[in-house]
Amino acid sequence: MLELKNLHAKVVPEDGPAREILKGLSLDVPAGEVHAIMGPNGAGKSTLSYVLTGKDGYEVTAGEAKLDGVNLLDMAPEVRAAKGLFLSFQYPMEIAGVPVMTFVRAAMNSQRKQRGEAEVSAPEFLKLSKIAAAKLRIDPEMLKRPLNVGFSGGEKKRLEIYQMLMIEPRFMILDETDSGLDIDALKVVAEGVNALRGPGRGMLVITHYQRLLDHIKPDRVHILSAGRIVKSGGPELALELEKSGYDQILKSA
Amino acid sequence: MSEGKEIIVKDSIDQGTVDAARALESDKYAEGFVTDIEMELAPKGLNEDIVRYISAKKEEPEWMLQWRLDAFQRWKEMTEPTWAMINYPKIDYQDAHYYAEPKGAAKYKTIDDVPKEILETYAKLGIPLKEQEVLLGVEGAVGTAAEARETPPKSSQPRVAVDAVFDSVSVATTFRAELLKAGVIFMSISEAIREYPDLVKQYLGSVVPVTDNFFATLNSAVFSDGTFVYVPKGVRCPMELSTYFRMNAKGTGQFERTLIIVDEGGYVSYLEGCTAPMRDENQLHAAVVELVALADAEIKYSTVQNWWPGDADGKGGVYNFVTKRGDCRGARSRISWTQVETGSAITWKYPSCVLRGDDSTGEFYSIAVTNGRQQADTGTKMIHLGKNTRSRIISKGISAGKSNNTYRGLVSIHQKAAKARNFTQCDSLLIGQTCGAHTVPYVENRRGDAQLEHEATTTKLSEDQLFYTRQRGIGEEEAVALLVNGFVRDVLQKLPMEFAVEAQKLLEVSLEGSVG
Amino acid sequence: MQLLDLPSRRSEAWKWSDLRAAMAGQENVLIGSGELGSEGPIAALAQVMGDAYGPSALEITAPGETFESRITEGDAGQYGTVVVKAGATATLVERLGVSGSRLRPFLPGYSRIEVEPGATLVRVVVQANDVAVGEADAAIVLNEAVVKLGKGATFRQFVLGEGSRLTRIETSVEAGEGAQIEMNGVYLASAKRHVDLTSRVAHAAPGVNTRQLIRGVARKGGRGVFQGKFLVERAGQKTDAAMAHNALLLEEGAEIFAKPELEIYADDVACAHGNTAGQLDEDAVFYLRQRGIPDVDARAMITRAFLIEAVPDWVGDELKAEIEARIDAWLGTPA
């Protein structure tokens, strides 16, 4: 499903020199699987999510990234989104004046239009929204407020997952979705994410901590360090990491 | 998003924003057509004879002619103001026709007399002039502008009475009889001068004095047509009133004059729309609008201004020099101005409130969008004279292309305005690096117990927000529109419902091509 | 130059400070003056008055120096240049005051200041009156500094204005890349006094950071004027600039006029301004009174705190104590 081959990428800040962050990253997430990426600060975890989704300021210098055999790197962000790629942002944006539901409906319809599908009708949208909100225990009133404006960190993360349930992407990247969540909220969010697991879908879970992986069980765990996958293994690798820390693992890698 | 763009990964949106800040393309201005109809023009130039010509055309009484002539004498001694942040070549006031009417215009007795071409023009603009069509919910079926309106008219939709001003004359005024049943006078100002001279005499020039400023004085001398509204004591006007201004003839200016009086306890909501054909000359529109609200009266005045803005290189476009002022003359009266300004090559306009009555309220809500080479210097004045007067200013300026957009506003608290309050918020948004956004607020406070707050921000469209939005699958232009709509949302909400939809569409069209 | 050459309320930049009207009856100082030049009226007047002293030129190369100038006598003007050489640090203290030896003193000062790359200048202007109000009211105090900041230069300015018949302290800054600017001020306008703090900061290169905080108070018959402008030119990307002006009208008949202005031609900037003009927070006054502080003292305490927030630590302990003492004296609070 998602295939990354020898991916090299630089971050190009507007002021300051470019720095190479990804240095030959290779990864294969087959359909139906959930892979976790763990790694110390500065390993390139967020860079990976931005490179895959097409944020400005990142330049791919070598390698390839394909979703279902299609090269992602030449596409505009919204086109990648319409192909089914969804990023749950580490820091979701506040968008003044645009209510959550207006935003999500615009996103759904824009994606459907790009795919040549019919738009979602208002009643259908409301029905879906109600179900998603209930699943994530989101107060429906919140969905009428401008997106993320004045929301707590936890509320913003829930809203990311709400959008994910509504948009029903095929490949999801969760960038530190656990940060800012208390344990109850974490469970609710994980349930939401797990509801989208399925044979046609893939997922990349980026996290620092094992605790998210207690709730979203990965098929594979990869350790990212200095821009490359340095070790891969089953779910037990995350446990091992929790026990002995990055230093130990990196030394043995 | 075009095919080509989909396969290009941009270095940065910023780059794309700047490099491809395509200016206005004339094919996007749907109102730019010309109506082919035989016109009768005043000779070119401006002198006493022209003033007399206009007055005679309107069959005005002697006092009105004198009023005009006095204004003209004063105007000759005045100089054009230069303090606004706008640049334009010197206007040759002798090089224009100050009066233009479709042949035989003075003789329209009923709507059936109005030439087909004119009816079609308004239909094409989405303005039905035949009352039965409005009642049936049939909007002009002729053209694309009508189709462009999002909400199909329903019979339950509130009806809107229209005064249609075509160049220098009002060609039709709908629902007059029905409004009169409620006591509301709604007609062109030319007719009001003849039919209600006492009311006109009492109020004309009482808010904007003849010598108020260069453009207002010019207007006082040569004003052609506009709307007159009188709402009697205690009457809530049963429908929305509106005037649709259309400039059509070549080489002309339009000098609208509107006077709205709402007597004690009355209410009216009024909307004006303005469009003009695409021409490569600059046409002058110098209007004066006066509002009078007596005790406990309320006036809501909304404008959707979409005069031809000129082409991408700044060729052509309307020069819009407008004096609009409301007088909250009575206690507890209320005047609110809401404007959506997307058109005109130059906009010079400060709809103001004189808060004379105790406990009166003035409001100003504005969205001004400039693109291409447009220049807008617009804002408001809130003059607090009475006790407990309140004012509120929300201004949203959006600049794109090579345009300049200035908010200029005055809040003045006079000595007797005990406990006056003002809140001002001015937000500016820049799209691209070749435009300018400016904020020039003046605050004059002479009362210790007044509370004045002013906030202003200037930002660009955030790249992070754009990326976030695009990650959700929304294309760049649509993402910009969505974010801009969020930016102006609190002002759009102040417009009457059906106009808000239109204004929203207009914003999108105005900003098309501002990112690429 | 003649009286008619001076700007009046019809001129946009002087609309609230009518120099022509204030100078009426004092035309004699204009005798022998040349043409009004492009540097504007303050420079022209300073040049005339400054002749008595000759133009001053100051070049600072050593670090940590402090220079003081004091203009207090009669009709005294100053017209000069100051250069702070690359990497140097200097403090410039200008005292504009009236000693009372002449009934209608006229004190124009104009300086061109250049702060070279990496250099730091702290400028403190104390405009105060040591004589009885009646006499000081007749003074006309005009001061203008035109400041050019090199790459990475730092400019910090604090102005205290107590006003006079007409006082205008004007600062115009052109900032180079990455310059750091702080411009604070306090004005105290009592009866028959007019104090005008006008400033303009041109952000002409990328990455300039500007903070401006002006606090002022006015009493009956006093007028405080603040005109602040931030200009961000096309080249001024990544400008981060914030302007705040807050004023209190302490009594009926006080006047505060403000024009906080933004003129922006670059899109990647964060610019904001805030302006408030009103009265003391009555809830705060009540809170203090509930704790047993008399009304008058409560008001003075809150007003004092409000003003002193704008007096930065970097003016140095000694000057800070002096400025605070002047504020206390003006408010009539026990020190």
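Below, chains carry the letters A, B, ... as their sequence lines are ordered, and counting in each starts from 1.
For Ala277(C), the parts sitting under 4.5 Å from any heavy atom of chain B are the backbone and the side chain alike. With a 4.5 Å cut-off on non-hydrogen atoms, Ala456(B) touches chain C through its backbone and its side chain both. The parts of Glu263(C) that come within reach of chain B are both its backbone and its side chain, each placing non-hydrogen atoms under 4.5 angstrom from that chain. There is no contact between Asn422(B) and chain C, counting heavy-atom distances below 4.5 Å. With a 4.5 angstrom heavy-atom cutoff, Ala258(C) touches chain B via backbone and side-chain atoms both.
Interface remark: of the candidates Glu453(B), Arg447(B), Glu455(B), Arg447(B) forms the most heavy-atom pairs closer than 4.5 Å to chain C. The most heavy-atom pairs under 4.5 Å with chain C, out of Thr457(B), Val440(B), Asn405(B), Leu429(B), come from Val440(B). Taking Leu410(B), Thr406(B), Val443(B) one by one and counting their heavy-atom pairs under 4.5 Å with chain C, the maximum is reached by Val443(B). Contact count versus chain B (heavy atoms, under 4.5 Å) is highest, among Cys271(C), Gly274(C), Ala272(C), Ala266(C), for Cys271(C).
Side-chain atoms of Leu231(C) and Arg200(C), non-hydrogen and from C-beta on, do get closer than 4.5 Å to each other. Between Met382(B) and Thr389(B), every side-chain heavy-atom pair lies at or beyond the 4.5 Å cut-off. For the pair Leu188(C)/Val195(C), no side-chain contact is recorded, criterion being any heavy-atom separation below 4.5 Å from C-beta on.
Counting only residues at least two apart or on different chains, the salt bridge (charged side-chain N to carboxylate O under 4.0 Å, His left out) pairs with a member in residues 240-251 of chain C are Arg211(C)-Asp240(C), Arg219(C)-Glu251(C).
Of the listed residues (Lys229(C), Gln227(C), Gln212(C), Gln157(C)), just one forms a side-chain hydrogen bond (donor to acceptor under 3.5 Å, both in side chains) with Ser199(C), and that residue is Gln212(C).
Taking the six-membered ring for Trp and thresholds of 30 and 60 degrees, His203(C) and Phe230(C) have ring planes more than 60 degrees apart, a perpendicular arrangement.
Within 6.0 Å of NZ in Lys15(C) there are more than 12 heavy atoms belonging to other residues, nucleotides or ligands.
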